[in-house]
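Chain letters run A, B, ... following the sequence lines, proteins first and then strands; every chain starts at 1.
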4 protein chains.
Amino acid sequence: MPDGTATKELIGRTALRLFIEKGITETTIRDITSSAGIAVGTLYRHYGSKDELAWELFAESYMTIGRELHGIRIKEATARSKLEAMIRHFCNIFDKDTAMFTYLFLSRHRHLQKLTPRMPNPYIEIRSVINEGIRRGEIPRQDPDVSASMVMGLIMQMIDSRLLGQRIKQSIASLADTTVAASLRVVEA
Amino acid sequence: MPDGTATKELIGRTALRLFIEKGITETTIRDITSSAGIAVGTLYRHYGSKDELAWELFAESYMTIGRELHGIRIKEATARSKLEAMIRHFCNIFDKDTAMFTYLFLSRHRHLQKLTPRMPNPYIEIRSVINEGIRRGEIPRQDPDVSASMVMGLIMQMIDSRLLGQRIKQSIASLADTTVAASLRVVEA
Amino acid sequence: MPDGTATKELIGRTALRLFIEKGITETTIRDITSSAGIAVGTLYRHYGSKDELAWELFAESYMTIGRELHGIRIKEATARSKLEAMIRHFCNIFDKDTAMFTYLFLSRHRHLQKLTPRMPNPYIEIRSVINEGIRRGEIPRQDPDVSASMVMGLIMQMIDSRLLGQRIKQSIASLADTTVAASLRVVEA
Amino acid sequence: MPDGTATKELIGRTALRLFIEKGITETTIRDITSSAGIAVGTLYRHYGSKDELAWELFAESYMTIGRELHGIRIKEATARSKLEAMIRHFCNIFDKDTAMFTYLFLSRHRHLQKLTPRMPNPYIEIRSVINEGIRRGEIPRQDPDVSASMVMGLIMQMIDSRLLGQRIKQSIASLADTTVAASLRVVEA
DNA sequence: AATGAATGAGACTTCATTCAT
DNA sequence: AATGAATGAAGTCTCATTCAT
């Protein structure tokens with residue numbers, strides 16, 4: 001029963017790789033289909049347009065991470081342990097699905113404005129951790145948006161460094177430790 | 001009255017604005033020329049191609065900032081004062097020429113690999129500050145590349161927050177204070 | 001229970017409607033099958049191609065009308081009564097199966113050259129009426145092709161007016177009277 | 001001074017010919033440009049799209065004829081002379097620019113709904129002649145819309161006969177005489 | 001220096017048709 | 001008989017670049 005699901009996944013996987021390698025605009029539909037070994041028309045049976053393909057690839061992963069961070073926030077007890085678990089989770093995802101994570105990182109500016117408040121959202125989860133930490137007296141009073149941004153900045157930079165890959169050769173584990181430590185220092189003053 | 005220069009500057013200014021608004025690939029030569037009120041052919045008298053225009057716009061500003069940070073590094077006395085002056089310098093540039101800074105931020109991934117080691121380079125300057133700080137015992141022993149990356153991450157995130165402009169409404173001055181403080185905490189442990 | 005026939009008719013009916021609404025070229029196979037609630041492959045079991053479908057729909061109705069007009073020509077006695085009966089017959093068909101008639105009207109230029117002399121043909125019937133009328137002295141000597149064309153012109157225009165529907169809101173019955181009268185005046189001089 | 005006007009006219013002329021020969025939808029952009037001996041991009045410098053090209057070709061001629069009929073209506077004295085002059089004018093246009101007239105005839109259904117009430121309009125002129133004729137007692141009381149439609153029907157059929165060209169070989173002059181006579185009979189009862 | 005009409009490769013997308021199930 | 005995923009040729013349109021004026 002060739003229900004097409006396998007083909008759709010093949011297309012998604014192939015597109016992801018090419019979008020990362022060359023950029024979304026620079027990747028043509030024919031790049032994707034010939035790389036995937038399918039006909040052009042087949043792509044359009046599964047995705048309405050190139051834009052829709054790019055967006056679906058983004059939104060799916062973005063919301064998945066949002067949901068996972070939400071799970072961590074609920075499960076862990078303290079602000080410290082939540083933040084640490086979240087950052088380590090980012091590292092795990094990066095290790096397990098570098099391509100997906102890289103795509104999220106590189107294409108976020110293109111897609112961010114299409115997100116609706118209802119969608120699961122990693123940034124909101126981090127801010128909530130800080131908010132709750134302040135309320136419980138675990139961390140000093142501070143602007144939760146500024147702090148959440150800075151924590152995100154540290155994580156993003158970790159990825160940036162790996163992607164450009166020129167300057168930092170650390171293992172992802174040691175980067176995790178360093179980033180956790182830095183994040184806690186930034187948040188706890 | 002070298003009016004060729006004025007035209008070239010007009011083109012550069014116009015292109016910069018459009019590149020930021022729509023992205024480089026999404027901006028057409030005709031977008032630029034009609035916005036600037038000139039003919040298509042005129043653009044090609046001043047820039048060899050669209051790629052060259054995008055690169056020249058990037059490299060010029062990137063190297064200027066590199067030179068300015070170099071000046072700060074030489075002038076200031078301590079690692080602390082150097083880092084603080086550098087971050088405040090970034091804020092000043094952002095205030096004075098937001099468009100240029102935004103363009104650098106958004107297009108860096110496209111251009112970074114074209115940089116040669118000989119070119120003035122903001123990142124190198126920050127790393128040098130940390131390196132020297134360690135050697136003089138002003139800050140603890142640490143991986144200068146990791147630390148420089150994290151400081152850059154904080155600065156980049158500040159810009160990111162302003163550009164997406166959804167979450168942070170702080171004045172750039174107050175962001176400067178916060179970023180300086182966070183950077184020092186990250187570096188000094 | 002020959003259910004293949006029912007499906008074929010469903011396809012024909014659906015295609016007819018869409019061909020009228022959007023034009024033949026502008027109607028896609030998928031438009032037809034999804035409108036009819038069947039699979040694409042099913043259409044091709046009943047019609048060899050889209051062109052064949054369009055032609056079959058045309059030819060079937062065109063020849064039916066030709067045969068009916070032939071019946072009228074044989075049954076009625078005078079040129080006057082034949083012409084009147086024929087025009088009223090057109091009006092009846094229009095009322096009973098507007099879709100089919102509209103399709104004939106709109107697609108005739110595309111199909112007319114595929115007609116062979118052997119096929120039943122409404123125009124030939126009208127010309128024969130005029131020819132016979134002249135021979136019997138019922139109507140003045142005149143070019144039967146020109147006159148038949150003009151009578152067809154009046155009928156076609158009646159449909160045209162209804163289809164574009166902007167200018168004439170008369171009931172089809174009252175249009176019949178007027179058209180009959182005008183046709184007789186055109187033919188009888 | 002190659003201002004491009006010549007090229008635009010060349011494109012229009014070529015497109016008109018092909019639209020008539022093959023139909024609008026069936027004529028491709030490449031058909032037009034290779035027939036005209038120009039590049040694809042050149043067509044798009046002069047016409048925004050294929051639809052716009054088809055419409056511009058239609059509207060221009062349609063309104064010109066509307067304006068010319070208006071001139072006739074004002075210049076001639078009686079309903080009879082006006083109608084006769086108008087029908088002869090149609091014949092003259094057909095002789096002088098058969099291609100344009102043919103195009104108007106074949107593509108009218110596609111374009112008619114884009115006409116606005118403000119545009120010069122041949123049908124309106126014919127109806128006005130009948131309206132005024134009734135008011136002055138030159139022709140009997142009758143529905144001006146129905147009569148105008150029937151006159152248009154006779155004219156259209158004359159073209160139809162020439163285009164399909166199978167049945168009528170009369171010179172356009174003799175068709176004019178016949179059509180004038182028939183029209184007057186239709187209108188004057 | 002400036003102009004802008006012309007170029008044509010190449011992008012995205014559609015759609016009639018096939019065929020394994 | 002019916003299904004619908006897959007095909008790929010062909011369509012429309014864009015756009016960086018050139019060049020005669």
Decide yes or no on side chain to side chain contact (heavy atoms under 4.5 Å, CB included) for A/I38 and A/T14, but give the supporting numbers first.
CA-CA 11 Å; A/I38 59 166; A/T14 309; over 6 Å; no

With a 4.0 Å cut-off, would you call D/D31 and D/R17 a salt bridge?
no

If I take atom CG in residue B/L53 and atom C1' in nucleotide F/dC15, what distance separates them, rounded to the nearest angstrom?
15 Å

From NZ of B/K8 across to P of E/dA1 the rounded distance in Å is 11 Å

Tell me whether the side-chain N/O atoms of D/T7 come closer than 4.0 Å to OP1 or OP2 in E/dA6.
yes

Position toward the 5' end of DNA chain F (nearest nucleotide), B/E26 or D/E26:
D/E26

For F/dA5, take OP1 and OP2 only and decide whether either is under 4.0 Å from a side-chain N or O of A/R45.
yes

Taking atom P of F/dA16 as reference, at what distance in whole Å does atom CH2 of B/W55 sit?
21 Å

Give the rounded distance in Å between these two atoms: CG of D/D31 and C1' of F/dA10.
11 Å

Is B/H46 near enough to E/dA2 that one of its side-chain N or O atoms lies under 4.0 angstrom from OP1 or OP2?
yes

For a salt bridge (Lys or Arg N to Asp or Glu O under 4.0 Å) check, start with the C-alpha distance between A/R108 and B/D160, then their side-chain angles and the critical distance, and finish with the verdict.
CA-CA 11 Å; A/R108 80 203 126 112; B/D160 203 329; 2.9 Å; yes

When we call it a touch if two heavy atoms are under 4.0 Å apart, what does D/I29 touch: a base, just sugar-phosphate, or nothing?
sugar-phosphate

With respect to the side chain of C/K50, which nucleotide from E/dT14, E/dT17, F/dT3 is positioned closest?
E/dT17

Quick one: look up who F/dT21 pairs with, Watson-Crick or G-U, both distances under 3.5 Å, and put none if it's unpaired.
E/dA2

Base partner of F/dG8, which must satisfy Watson-Crick or wobble distances under 3.5 Å
E/dC15

State whether D/Y44 places a side-chain N or O below 4.0 Å from either non-bridging phosphate oxygen (OP1 or OP2) of F/dC13.
yes

Roughly how many Å is it from CG in B/L43 to P in F/dC15, rounded to a whole number?
15 Å

Give one of base, sugar-phosphate or nothing for C/S49, where a contact means two heavy atoms less than 4.0 Å apart.
sugar-phosphate

Please tell me which of D/A39 and C/I24 maps to the more 5' nucleotide of DNA chain E, matching each residue to the nucleotide holding its nearest heavy atom.
D/A39

Within less than 4.0 Å of OP1 or OP2 of E/dA1, is there a side-chain N or O belonging to B/T42?
no

How is D/T27 classified with respect to the nucleic acid when contacts are heavy atoms under 4.0 Å: base, sugar-phosphate, or nothing?
sugar-phosphate

In whole angstrom, give the distance that lies between atom CZ of B/R30 and atom P of F/dC13.
17 Å

Could you walk me through whether D/R110 and D/W55 pass the side chain to side chain contact (heavy atoms under 4.5 Å, CB included) test, one step at a time?
CA-CA 9 Å; D/R110 171 191 273 255; D/W55 161 250; over 6 Å; no

Rounded distance (Å) that lies between atom P of F/dA2 and atom OH of C/Y47:
13 Å

In terms of relative ring orientation, are C/Y103 and C/F58 parallel, tilted or perpendicular, with 30° and 60° separating the classes?
perpendicular

Which is it for B/I24 and B/K50 under the side chain to side chain contact (heavy atoms under 4.5 Å, CB included) test, yes or no, and what are the steps along the way?
CA-CA 9 Å; B/I24 294 173; B/K50 187 179 157 182; 4.3 Å; yes

Between P on F/dA5 and CG on A/L10, what's the gap in Å once rounded to a whole number?
16 Å

For DNA chain F, whose closest nucleotide is more 5', that of B/D51 or that of C/V40?
C/V40

